[in-house]
Amino acid sequence: MMKNTPIIQQGSCTCGQSTFSVEGTPLVRFICHCQICQDIYKKPFADVVIFPEKSVKLLEADSVEFKKFRAPPAVNRGICKSCAKPVFGVMWVAPFTRFAFVPAMNLADSTQLPEAVGHVFYHRHVNEMYDGLPKVSGYVSSQLFLSQKIFKSLIQHNFSA
Ligand SMILES: [Zn+2]
Ligand SMILES: [Zn+2]
């Protein structure tokens with residue numbers, strides 16, 4: 001697929017009550033094995049796509065509650081008030097820029113998404129992964145790995161968040 005094709009599509013939580021629009025290029029897709037993702041997704045890991053924050057907009061702000069599940073710097077996670085499942089999250093990755101973390105399964109068309117760059121928070125993994133992607137363990141290493149991938153992608157797309 002073409003790397004710089006902007007995606008304009010709608011997304012929603014599992015129950016469909018909380019909807020959002022996504023416009024622009026996905027920066028990084030990754031698989032997160034952290035405990036919080038396991039708890040809120042009720043799955044062994046989460047498949048997550050990062051966009052610039054301004055690319056993702058809630059269509060009905062009332063349906064979503066934002067909360068942090070650990071001390072900053074943490075993802076401010078938008079949870080659907082109806083199904084209690086994640087809608088998308090927002091996080092500061094650098095002092096000057098915020099990113100949206102969107103579960104791939106919440107996007108209507110996941111065929112347009114890039115391949116995952118790797119597995120992070122792998123020290124928490126429940127399922128052994130055999131896909132050959134990099135596996136990063138540890139909180140700081142996982143954050144660093146993602147930040148590097150985000151900025152590499154920003155430079156590749158020649159674009160500021
Ligand atoms: Zn919902
Ligand atoms: Zn996680």
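Atoms within a ligand are numbered from 1 in the order they appear, just like the ligands themselves.
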### Query
Looking only at atom types and distance, does a side-chain atom of His123 sit under 3.5 Å from a main-chain N or O of Ser137, one as donor and one as acceptor?
no
### Message
Test your reading of the model: is there a side-chain donor-acceptor pair from Asn106 to the backbone of Val87, 3.5 Å cut-off?
### Response
yes
#### Entry: Within-2.8 Å protein N/O/S contacts of the Zn ion (ligand 2)
Cys32 SG, Cys34 SG, Cys37 SG
### Query
Taking the six-membered ring for Trp, is the centroid-to-centroid distance between His119 and His125 below 6.0 Å?
no
### Message
Between Tyr139 and Phe121 (judged by ring centroids, cut-off 6.0 Å), do the two rings come close enough to count as a pair?
### Response
yes
### Task
Answer with yes or no after comparing the ring centroid distance for Phe88 and Phe20 against a 6.0 Å cut-off, counting only values under it.
yes
### Query
To the nearest 0.5 Å, what is the distance between CG (Leu113) and OG1 (Thr25)?
11.5 Å
### Task
May I have the angle between Cys80 SG and Cys13 SG with its vertex at the Zn ion (ligand 1), rounded to 10°?
110°
### Task
Kindly say whether Glu60 contributes a backbone atom to a donor-acceptor pair with the side chain of Ser63 at under 3.5 angstrom?
yes
### Message
Need one value: angle at the Zn ion (ligand 1), Cys83 atom SG versus Cys15 atom SG, rounded to 10 degrees.
### Response
110°
